[in-house]
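Since we're looking at a predicted model, the values are computed, not measured. Residue numbering restarts at 1 for every chain, and letters A, B, ... go by the order of the sequence lines.
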Protein chains: 2
Amino acid sequence: MTTRVEQKERTRRAILDAALELSAESTLAAVSLRQVAKQVGIVPTAFYRHFDSVEALGLALVDESFASLRTMMRDIRQGDPALADIVDRSVTILVDHVHDQRAHFAFIARERGAGPPEVRAAIRHQIELFERELATDLARLPGTDVWSPEDLRVLANLIVTAMVATAEAILAAERRPDVEKETVERARTQLRMVLVGALNWRSQP
Amino acid sequence: MTTRVEQKERTRRAILDAALELSAESTLAAVSLRQVAKQVGIVPTAFYRHFDSVEALGLALVDESFASLRTMMRDIRQGDPALADIVDRSVTILVDHVHDQRAHFAFIARERGAGPPEVRAAIRHQIELFERELATDLARLPGTDVWSPEDLRVLANLIVTAMVATAEAILAAERRPDVEKETVERARTQLRMVLVGALNWRSQP
DNA sequence: ACATTCGGTGAACATTTGTACACTCAGAGT
DNA sequence: ACTCTGAGTGTACAAATGTTCACCGAATGT
């Protein structure tokens with residue numbers, strides 16, 4: 001026995017999952033409404049009961065994907081800041097979440113560059129918000145009080161860029177643990193390099 | 001008066017340009033053979049005289065795009081290494097080339113994440129080669145003699161990642177000089193931060 | 001001068017696409 | 001009990017897709 005809203009939500013989920021899966025080969029822009037419908041097991045026209053278009057579907061997926069990203073961010077904040085192993089912990093959490101939310105991360109990585117303009121813009125905006133949050137987090141770290149707000153934003157941007165690249169590399173590593181381990185180790189080293197740079201910032205020209 | 005090979009080459013170019021332009025809205029994966037043909041002004045079947053498929057076209061575009069990237073790399077190498085303003089010069093050259101080869105850079109940025117798997121792989125490979133070249137360049141800089149080859153690769157990867165992100169940001173800035181200027185300034189600062197980190201590397205834990 | 005090569009043509013095809021429209025029929029509100 | 005709402009159905013159609021095939025005609029090699 002199923003209530004009406006339950007059933008609708010279930011179908012909606014099925015559509016989202018189908019789109020996630022189908023877009024994995026290339027792009028959401030290359031996914032047709034009919035493909036999604038077939039995969040879900042509904043008739044094409046029923047799609048419109050849930051989304052106005054495939055693009056609207058894409059925007060919903062962006063929301064969903066970044067919601068899981070925020071969960072990750074919360075996890076990272078969860079620990080003692082100013083801890084020595086903050087780098088290791090952050091990278092580990094990132095890796096775990098990429099494994100956990102593989103489809104979502106892959107979706108963002110793909111649609112960030114390709115994908116309908118609106119979707120692209122939405123992703124860009126979310127990443128920017130992300131950077132801002134990281135910047136305020138960094139401001140709470142000891143030793144950053146001599147930093148200008150702009151430099152903090154610049155640093156946050158660099159870190160986010162590196163982490164996005166790391167996530168993409170992990171996705172590309174697919175099921176090769178050795179490659180992945182190398183990627184993770186690289187990310188840790190890079191973060192440390194950046195931190196060394198940060199700590200010595202403004203002490204030289 | 002046109003020789004036969006000339007005419008063929010001209011049509012080939014027209015196809016490449018059309019694909020570059022059409023794929024700018026979303027992705028090459030979403031571009032149909034017929035769209036390309038129509039844009040070029042040839043009949044769909046004539047397309048096959050030049051490429052086996054749209055994917056093959058994509059691979060050709062990857063080659064072309066990276067050829068122009070190598071030109072840029074050569075320009076950067078052209079100057080006195082170990083120069084103090086090496087950062088400024090490199091960033092300036094990057095910006096110029098992004099403007100000059102806008103379509104190619106945009107193509108790579110898009111198809112790197114989306115696009116047919118083969119195209120993705122080709123781009124990934126080229127970027128890796130790029131990293132390697134940068135690593136050997138870095139090895140020639142003074143002060144890097146205490147670095148391990150692995151750390152050099154890691155550093156090169158970080159720099160390339162940041163530069164790719166910078167190029168993407170410049171493309172996203174479109175025709176807004178203020179945003180672009182900010183982006184460029186950010187890239188310079190980031191490179192300096194990374195260099196500060198690099199110079200102090202191994203001198204701390 | 002003549003035969004050949006080959007880039008481009010044009011018709012034809014089976015599929016797939018997005019969307020419109022009228023419909024059913026079970027759960028929800030009264 | 002009775003109506004109403006709305007998710008999902010089924011049919012239909014014009015448009016666009018990739019690929020095939022036979023064909024043309026001008027530049028090319030001999």
Side-chain angles (χ1 to χ4, degrees), chain A residues 1-61 64 110-111 114-119, chain B residues 1-61 64 110-111 114-119:
Chain A
M1 186 57 191
T2 60
T3 154
R4 214 146 155 173
V5 289
E6 275 177 355
Q7 179 54 39
K8 174 157 189 182
E9 177 55 27
R10 199 180 307 166
T11 303
R12 187 188 141 96
R13 260 257 60 81
I15 292 178
L16 290 168
D17 290 341
L20 229 32
E21 188 178 333
L22 288 174
S23 67
E25 338 259 347
S26 75
T27 316
L28 188 68
V31 172
S32 72
L33 184 154
R34 284 179 115 102
Q35 284 175 356
V36 175
K38 180 180 286 185
Q39 173 114 352
V40 172
I42 57 176
V43 99
T45 47
F47 176 93
Y48 292 111
R49 300 292 181 189
H50 301 271
F51 300 99
D52 284 346
S53 63
V54 178
E55 183 175 323
L57 205 183
L59 290 176
L61 283 174
E64 215 182 43
R110 269 180 278 114
E111 308 304 324
E118 282 198 49
V119 172
Chain B
M1 183 59 193
T2 61
T3 155
R4 211 144 152 173
V5 290
E6 274 175 357
Q7 180 54 38
K8 173 157 190 181
E9 177 54 27
R10 198 180 308 165
T11 303
R12 188 188 140 95
R13 261 258 58 83
I15 292 178
L16 290 168
D17 290 341
L20 227 34
E21 187 178 334
L22 288 173
S23 67
E25 338 259 347
S26 76
T27 316
L28 189 69
V31 172
S32 75
L33 184 153
R34 286 179 114 101
Q35 284 175 356
V36 176
K38 179 179 289 185
Q39 173 114 349
V40 172
I42 58 177
V43 99
T45 48
F47 176 92
Y48 292 111
R49 301 291 183 192
H50 301 270
F51 300 99
D52 284 345
S53 62
V54 178
E55 182 174 324
L57 205 183
L59 291 175
L61 283 174
E64 215 182 43
R110 271 181 276 115
E111 307 305 323
E118 282 198 49
V119 172

Nearest-nucleotide comparison on DNA chain C, the residue closer to the 5′ end among G41(B) and V31(A)
G41(B)

Over how many whole Å does the gap from D52(A) atom CG to dA7(D) atom C1' extend?
15 Å

Measure CZ/R12(B) against C1'/dC6(C) and give the value in whole Å, please.
17 Å

What closest approach, in Å, do Q35(B) and V31(B) show between heavy atoms, and which atom pair accounts for it?
OE1-CA, 3.6 Å

For Q7(B) and for R34(B), locate the closest nucleotide of DNA chain C by heavy-atom distance; then report the residue assigned to the nucleotide nearer the 5' terminus.
Q7(B)

Start at the 5' end of DNA chain D and walk down; is the nucleotide closest to V43(A) or to R4(B) reached first?
V43(A)

Taking for each residue the nucleotide of DNA chain D with the nearest heavy atom, is it V5(B) or Y48(B) whose nucleotide lies nearer the 5' end?
Y48(B)

note: E55(B), atom CD; dT19(D), atom P; distance rounded to Å ~ 11 Å

Return yes if the base of dG8(C) and the side-chain atoms of R49(B) contain a donor-acceptor N/O pair under 3.5 Å, otherwise no.
yes

Please report the shortest heavy-atom distance between G115(B) and T27(A), naming the atom on each side.
N-OG1, 4.0 Å

Give the minimum heavy-atom separation between V40(B) and A14(B), together with the two atoms involved.
CG2-O, 3.6 Å

Roughly how many Å is it from CZ in R10(A) to P in dG8(D), rounded to a whole number?
11 Å

Report yes if at least one side-chain N or O of T3(B) is closer than 4.0 Å to OP1 or OP2 of dT28(D); otherwise report no.
yes

Looking at L28(A) and E111(A), what are the two nearest heavy atoms and their distance?
N-OE2, 3.1 Å

Atom-pair distance (CG on L33(B); P on dT16(C)), nearest Å:
17 Å

Below 4.0 Å: OP1/OP2 of dT17(C) and any side-chain N or O of Q35(A)
yes

Considering just the side-chain nitrogens and oxygens of S32(B), establish if one lies under 4.0 Å of OP1 or OP2 belonging to dA16(D).
no

Taking CZ from F51(B) and P from dG7(C), how many angstroms apart are they, rounded to a whole number?
12 Å

Length of the NZ-C1' vector between K8(A) and dA28(C), whole Å:
15 Å

Minimum heavy-atom distance F47(B)-I42(B), with the two atoms named:
N-CD1, 4.1 Å

Would you mind reading off the distance between F47(B) atom CZ and dT17(D) atom P, rounded to a whole angstrom?
13 Å

What does T45(B) touch in the nucleic acid at a heavy-atom separation under 4.0 angstrom: a base, only the sugar-phosphate, or nothing?
base

